[in-house]
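To start, the structure under review is shown below, and the notes come after it.
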Amino acid sequence: MLDLNFIRKNPEAVRTAVREKHERVDIDQLVKLDADRRELIYQSEVLRKQLNEGSKRISQLKKQGQDASNLVEEMRALSDKIKDLEKRLEQLTPEIDALLLRIPNIPAPDVPKGEDASANVTVRNWGKRREFNFQPKPHWELGTNLDILDLERGAKICGSGFPLFKGVGARLERALFNFMLDLHTQKHGYKEVFPPFLVNRASMTGTGQLPKMEEDMYKVTEDDLFLVPTAEVPVTNLHRDEILNYKELPIYYTAYTACFRREAGAYGKDTRGIIRVHQFDKVELVKFVRPETSYEELEKLVKDAEAVLQLLGLEYRVLKLCTGDMSFASSKTYDLEAWAPGVDKWLEVSSCSNFEDFQARRINVRFRDESASGGKVRYVHTLNGSGVALPRTLIAILENYQQEDGSVIIPEVLRPYMGGLEVVQR
RNA sequence: GGAGGGAUGGCCGAGCGGUUUAAGGCGGCAGUCUUGAAAACUGCUGGAGCCUUGCGGCUCCCGUAGGUUCGAAUCCUACUCCCUCCGCCA
């Protein structure tokens, strides 16, 4: 959510951001409603002051044993008038809030302009492309042949897009997120949390998934709860409505959760294998930081995510997303894409964003600044990034480490988590 | 699921119709003292909004939403969450 004061003063910048991010919000209408609202507030405050003064006088008169009935009558009329004004305010405020919640964050100045993914900019590449002296197989073939991935039975149990990992495959999945959590907690200074996998509407709205993306969320209608699409939601909401001490900042959290996405707008896309699924595992990184440091913290966050891919020995590239490809709440985003030779594609395995104070304003997370006497209260900046998303990382491992006979070598860093196993074979 | 208790500022905690302009403590900030720090002492210190060049002024906020009243943290109703006990249960 943007600052209404900022919108009032910079409507053109807001209109630009709305257009660049392919959103549609009537800014003129918002500015008009806001002006109406402030006029109503002013009127009701003037009257309320009179009411307060009148009430005080009644109190004094009664203490002196004098008759106050005329004044009581007068105040009753005034009170009714105020209630009328406030009723109109009550109608106006939700309208303004609804518009505010639909305005996207403004892209940072150095974000490239562009309509879609084709305008993203490659920032750097890492790793060397493996040369195959045979035709590399896609992961679904490798996984099925090794009996570590069973898509048919996953679909039987639940539906397509719900993968079933078996045997070494299940253990590999577990090894991966344990490895990532250990790395981030032990080497990068993150505190591990294990949050609920269901969240309420306020949490979903706080991080910006609602109201825009409701069709993409799995929902438990009876309790108005949602399955988490990412650990970002429960973890960022951890400090909702809190004022943090500046000494606590920056706060780094990492969390494993399963993630659930309906992928409502993506039917027919990436239907084979487990590139795009409805349930997947992910280790997430979340930061609460001082505003001055947030872009520096974003660079560090990206490095922390990259470390995972480097240790796994996976070739990847880092993209800076253009205005049209960024998410609603983000002001700057880097994507990490791992190379998958079997499907012959770059796969997005991480998305790291600085939200500045956009989420902090929605979830009302502030900190007391030490500079001013008594401490001025300011919004924190929030960031998050995948560190990293599993099924696609698993794809990259299977496809990059495959051998001609269909077996797959296990990256060295994972072996301690695999009981020392070096090769997956039939 | 049943019975009871509770929710007040960054935290703890008093207040239960009208000097509440929300006591007091802790924490935070500044200062005195000190080689420095600690301790001690002194002062300042809730949040949101509106008006004002500034000084400052005003309004709202005591879990949430309604209601009663000239006036509500305080009384009434509903809801949410937390705690204790009972039942059920992985």
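Chain identifiers are assigned alphabetically (A, B, ...) following the order of the sequence lines, protein sequences preceding nucleic acid strands; residue numbering begins at 1 within each chain.
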Report task. Anything under 30° is parallel, anything over 60° is perpendicular, the rest tilted; go ahead and classify A:Phe194 against A:Phe197. Result -> parallel
**Report entry** Residue mapping more 5' on RNA chain B - nearest nucleotide basis, A:Asp3 or A:Ser44
**Finding:** A:Asp3
**Report entry** Length of the line joining A:Asn5:CG and B:rC51:P, which is rounded to integer Å
**Finding:** 9 Å
Query - Interatomic distance where NZ belongs to A:Lys56 and P belongs to B:rU69 [whole Å] - result: 22 Å
Query raised in the report: Of the nucleotides B:rC58, B:rC60, B:rG18, which one has an atom closest to the side chain of A:Glu45?
Result: B:rC58
Query raised in the report: Whole-Å distance between B:rG10 P and A:Asp241 CG?
Result: 11 Å
Requested in this report: Between B:rU59, B:rU69, B:rG47, spot the one nearest the side chain of A:Lys49, thanks.
Outcome: B:rU59
Query raised in the report: With sugar-phosphate meaning primed atoms plus P, OP1 and OP2, does A:Arg366 contact a base, only sugar-phosphate, or nothing at under 4.0 Å between heavy atoms?
Result: sugar-phosphate
Query raised in the report: Taking the C1' atom of each, how far is B:rU34 from B:rC41, in whole Å?
Result: 14 Å
Query raised in the report: Given atom NZ of A:Lys81 and atom P of B:rC70, what is their separation to the nearest angstrom?
Result: 17 Å
Query raised in the report: CD of A:Glu152: more than 12 outside heavy atoms within 6.0 angstrom?
Result: no
Report task. May I ask you to check whether A:Tyr252 and A:Phe288 place their ring centres under 6.0 Å from each other? Result -> no
Requested in this report: Report the distance from atom CG of A:Leu71 to atom C1' of B:rU69, rounded to the nearest whole Å.
Outcome: 14 Å
**Report entry** Nearest-neighbour nucleotide for the A:Lys247 side chain, B:rG18, B:rG28, B:rU59 considered
**Finding:** B:rG28
Query raised in the report: Counting side-chain heavy atoms from C-beta on, which of B:rG46, B:rG66, B:rC58 comes nearest to A:Glu90?
Result: B:rG66
Query raised in the report: So what does A:Ile243 hit on the nucleic acid, given a heavy-atom distance under 4.0 Å: a base, only sugar-phosphate, or nothing?
Result: sugar-phosphate
Query raised in the report: Between A:Ser331 and A:Asn354, do the side chains contain an N or O donor and an N or O acceptor separated by less than 3.5 Å?
Result: no
Query raised in the report: Rounded to whole angstroms, how far apart are CD1 on A:Ile41 and C1' on B:rG49?
Result: 6 Å
Query raised in the report: Can you find a donor-acceptor N/O pair under 3.5 angstrom joining the side chain of A:Gln60 to the base of B:rG18?
Result: no
Report summary line: Judged by nearest nucleotide, the residue sitting upstream toward the 5' end of RNA chain B, A:Glu86 or A:Tyr42, is A:Tyr42
Requested in this report: Measure the distance from CD on A:Glu73 to P on B:rG71 and round it to the nearest whole Å.
Outcome: 12 Å
Query raised in the report: For B:rA78, which nucleotide in any strand shown is its Watson-Crick or wobble partner with both distances under 3.5 Å?
Result: B:rU64
Query raised in the report: Within this structure, what is the OH-to-C1' distance between A:Tyr246 and B:rC29, rounded to whole angstrom?
Result: 8 Å
